[in-house]
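To find a chain, count down the sequence lines: A is the first, B the second, and so on, and within it residues start at 1.
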Number of protein chains: 2
Amino acid sequence: MNKIEARLIQSLNEILSPDRVLTSDEDLVPYSFDGTAALKQRPGAVVFPLTAEEVSECVLLARRNNVPVVTRGSGTGLSGGSVPLDGCLVICLVKMDKLIEVDEKNLTLRAQSGVITKEIDDACAKVGLFYPPDPGSMKISTIGGNVAENSGGLRGLKYGVTRDYVMGFEVVLPDGTLTFLGNKCVKDVAGYSMKDIFIGSEGTLGIITEVILKVLPRPKARKTMLALYDSMEDAAKTISAIIAAKIIPCTLEFLDRVTVQCVEDYAKIGLPTDVEALVLMETDGHPVVVEEEAAQMMALAKANGARDVRAAADEAEGARLAAARRNAFSALARVRPTTILEDVTVPRSELAAMVAFIDAVAKKHKLQIGTFGHLGDGNLHPTFLTNERDHEEMHRIELALEEIVEETIRVGGTVTGEHGVGLAKKSFLKRQLGEGSYELMRSIKKALDPQGLLNPGKIFD
Amino acid sequence: MNKIEARLIQSLNEILSPDRVLTSDEDLVPYSFDGTAALKQRPGAVVFPLTAEEVSECVLLARRNNVPVVTRGSGTGLSGGSVPLDGCLVICLVKMDKLIEVDEKNLTLRAQSGVITKEIDDACAKVGLFYPPDPGSMKISTIGGNVAENSGGLRGLKYGVTRDYVMGFEVVLPDGTLTFLGNKCVKDVAGYSMKDIFIGSEGTLGIITEVILKVLPRPKARKTMLALYDSMEDAAKTISAIIAAKIIPCTLEFLDRVTVQCVEDYAKIGLPTDVEALVLMETDGHPVVVEEEAAQMMALAKANGARDVRAAADEAEGARLAAARRNAFSALARVRPTTILEDVTVPRSELAAMVAFIDAVAKKHKLQIGTFGHLGDGNLHPTFLTNERDHEEMHRIELALEEIVEETIRVGGTVTGEHGVGLAKKSFLKRQLGEGSYELMRSIKKALDPQGLLNPGKIFD
């Protein structure tokens with residue numbers, strides 16, 4: 001295990017203060033992994049800056065001494081983006097947690113990177129505003145992490161993802177320069193959109209310390225519905241019919257049979273465990289439109305073979321119905337010791353076929369896969385229930401994953417819809433992009449971080 | 001004047017066919033300028049490829065012979081982005097005009113770069129869909145040009161700009177490589193968002209030959225309103241009140257007194273010529289919501305001092321009211337021989353003060369400036385009415401522009417909201433961005449086009 005030299009630790013203590021520099025083995029353990037299964041590595045030190053200037057000084061120190069830097073927030077990532085490198089310096093931004101401003105006139109919000117995502121939306125809600133991106137981790141994850149990973153969530157089809165709400169940010173570059181990209185202007189074409197290169201760059205190009213977000217008026221009404229199906233095909237047909245009716249619901253989520261069974265077993269919400277697909281639908285906006293769209297969506301679900309369709313009477317019941325989907329991952333995670341959550345995404349029209357394909361692969365390789373995800377935006381989460389110590393089963397998972405990735409690419413999909421490449425998807429990236437795009441992407445990394453200081457070994461081989 | 005060698009012309013004739021290669025002086029004249037005032041330069045040759053492969057071959061030939069390449073569509077640009085370099089090769093994409101596919105299931109549209117933007121929306125309208133970006137040039141400009149410039153339009157506040165609708169494209173890189181960036185997936189985080197670097201890169205990084213666009217269901221209703229004010233301050237207060245009421249209209253445009261007078265003089269629509277501000281407002285969506293929002297907006301306009309507020313009875317009358325805004329530039333352009341259209345943009349909260357500032361600058365330098373633009377998104381078009389042969393007046397314009405740019409940057413704005421940097425805004429770019437961001441941007445150009453083949457001398461000095 002690599003250690004950071006005592007001399008450097010001393011310098012870090014001087015830049016920050018000793019209580020914000022962790023170096024003992026027992027202190028480093030909790031920072032050795034993130035939310036990704038089966039990946040861990042001990043950092044050399046973990047520091048907790050309070051200002052962008054402190055971040056910059058730490059980067060400069062690391063740079064002068066050739067110590068790689070890995071940035072993290074709450075560490076909820078699912079592709080190993082914030083897993084340390086052996087002996088690296090981890091810059092943890094959770095103490096930079098000031099919500100600086102809600103600007104109601106310009107419909108923007110300004111916050112330091114360490115603010116919890118849910119607190120962003122809570123601050124909006126107080127003044128009738130709305131921050132739509134809602135990754136599953138939003139109660140724990142930081143907004144800086146969300147921006148670095150370009151996090152998705154349940155509302156992608158109607159509201160887009162984190163990228164669509166980032167207007168600008170302060171960032172520390174690999175050479176320690178502190179700069180601001182973007183501004184509060186709704187329109188800006190002054191040169192290349194540099195901010196878009198940093199959003200979703202997974203900590204490999206810069207360290208984002210403060211963000212300006214776009215926010216929206218909060219929808220006045222919302223209606224939650226649940227539809228149960230005896231066939232996944234019928235669930236997909238319902239979605240096509242809803243889109244054909246020119247309705248864009250804010251949420252269209254599904255769980256397959258394996259996942260429904262695990263959720264019911266875990267949460268006892270009274271779901272029938274013999275359904276092939278459970279679909280959670282939500283529409284939001286003006287009360288009149290919500291009522292009209294909800295009625296149409298329920299009728300379309302029935303017309304397309306739903307066994308049962310129910311609407312929540314109020315917000316509280318809506319939250320109970322949505323809990324089935326919100327609990328999916330936790331419910332699956334308790335079945336076996338290791339849970340490998342995948343993230344393949346296909347054009348919406350290919351979704352039903354893709355779910356069937358995953359089912360067939362599971363049978364072929366005798367694996368337990370629960371699939372859930374975002375029907376509206378084609379983002380699937382096939383989840384392998386396994387035990388990382390069972391090497392033979394882990395090998396079969398590799399084979400299955402290989403087939404799923406191959407099919408995803410064949411139908412024009414992506415190997416990661418919202419979790420990122422990190423360490424977990426590195427081996428698939430070039431195959432998806434092709435040589436030309438892959439080298440183009442690598443040339444950006446080389447241009448912006450020639451020394452390979454920030455999060456080396458992530459995204460690219 | 002530089003000529004392209006006969007040997008190269010021969011090769012171009014072989015790659016394409018002689019009828020798609022222009023080289024005679026009289027044929028080159030119409031390709032020596034774009035929509036930007038006072039900028040022209042004769043190219044060495046203009047070619048009209050039909051396929052991406054032909055584009056790639058032309059780029060390779062130019063690269064081998066060190067002939068700079070400038071790409072253009074219809075040439076409606078307003079910052080000199082498609083003005084040729086002396087003796088360069090112009091690749092004109094207007095003959096690549098196939099609208100390939102409207103995919104109703106995935107809500108996407110696929111088209112070659114030379115398709116006229118309005119045809120994109122017309123094709124959408126036929127099946128109840130909607131392509132929102134509506135730059136002033138949309139009846140003439142090509143979708144490829146729109147993507148290269150990240151064009152705005154009148155609907156920025158509610159619907160965003162061109163970038164928000166580009167899901168992917170085929171692009172020829174400076175080394176001739178043909179690659180595809182992006183796909184039909186609603187979510188995709190497989191590495192850096194390379195497509196976002198090319199959108200708005202003004203032909204300096206690659207040549208986009210085909211695009212996949214995101215489209216939306218077409219709004220079922222729309223209501224157009226006109227409000228007249230005796231003070232710009234009151235117009236701005238109305239906008240703040242509308243936003244505070246949690247309404248996001250699709251259009252909030254304004255004309256100042258000079259512009260209203262010119263429009264009335266030109267189009268005789270019966271506008272009073274003594275108003276300080278004319279505001280065009282539109283709301284679209286569900287009929288019930290549109291009626292409700294329109295009533296609220298009209299009440300807010302009256303409550304905030306509008307002298308007169310009228311609503312269009314139907315679409316036709318709406319179009320007539322909107323014509324006042326749509327005609328603004330043409331109306332101003334006929335007053336004096338030269339029209340210099342600026343494009344400064346500020347956070348919405350700074351807009352009224354900025355309009356007043358421009359007014360004061362006009363008086364100070366004894367200039368005729370008509371200002372119109374997008375109240376909802378802070379994008380202003382102060383338009384200098386002048387004569388480029390009057391060097392003394394042109395000098396005063398330079399001084400005035402300098403002051404306007406300085407103030408724009410001071411209040412956190414941008415020197416260009418939707419027209420691009422090109423040649424016209426080059427000298428202001430570094431001042432707005434600061435050294436750090438500017439160098440970062442330049443490092444992208446160097447990494448992706450090290451030879452400086454594509455549109456050299458644009459954006460950067």
Tell me, for A/Glu104 versus chain B, whether the close heavy atoms (under 4.5 Å) come from the side chain, the backbone, both or neither.
-> both
Which atoms of A/Glu418 approach chain B - backbone, side chain, both or neither, heavy atom under 4.5 Å = both
Check whether A/Asn150 gets within reach of chain B through its side chain, its backbone, both or neither, counting any heavy atom under 4.5 Å.
-> both
Applying the salt bridge (Lys or Arg N to Asp or Glu O under 4.0 Å) test to A/Asp284, which of A/Arg155, A/Lys158, A/Arg218, A/Lys220 qualifies?
-> A/Lys158
Chain B contact via A/Asn183 - side chain, backbone, both or neither, heavy atoms under 4.5 Å | side chain
Of the backbone (N, CA, C, O) and the side chain (C-beta and beyond), which part of A/Lys445 lies under 4.5 Å from a heavy atom of chain B, both, or neither?
-> both
Of all of A/His286, A/Lys425, A/Lys105, A/Glu350, which one pairs up most often with chain B through heavy atoms under 4.5 Å apart?
-> A/His286
Check: B/Phe130 ring centroid to B/Tyr159 ring centroid under 6.0 Å | yes
Cut-off 4.5 Å, heavy atoms of chain B, and the answer for A/Phe180 is backbone
When every non-hydrogen atom of A/His419 is compared with those of A/Asp343, the smallest separation belongs to N-OD2, 2.8 Å
Out of B/Gly152, B/Gly200, B/Ser201, B/Ser240, which one racks up the most heavy-atom pairs below 4.5 Å with chain A?
-> B/Ser201
For A/Ile239, is it the side chain, the backbone, both, or neither that has a heavy atom closer than 4.5 Å to a heavy atom of chain B?
-> neither
Under 4.5 Å from a heavy atom of chain B, the part of A/Ile243 involved = side chain
Honestly, the part of A/Glu292 sitting under 4.5 Å from a heavy atom of chain B is side chain
For A/Ala244, is it the side chain, the backbone, both, or neither that has a heavy atom closer than 4.5 Å to a heavy atom of chain B?
-> neither
Fit a plane to each ring of A/His381 and A/His374, take the angle between them on a 0 to 90° scale, and name the class: parallel (under 30°), tilted (30 to 60°) or perpendicular (over 60°).
-> perpendicular
Heavy-atom distance under 4.5 Å to chain B: side chain of A/Val127, backbone, both or neither?
-> backbone
Look at the rings of B/Tyr192 and A/Phe460 and say which category their plane angle falls in: under 30° parallel, 30 to 60° tilted, over 60° perpendicular.
-> perpendicular
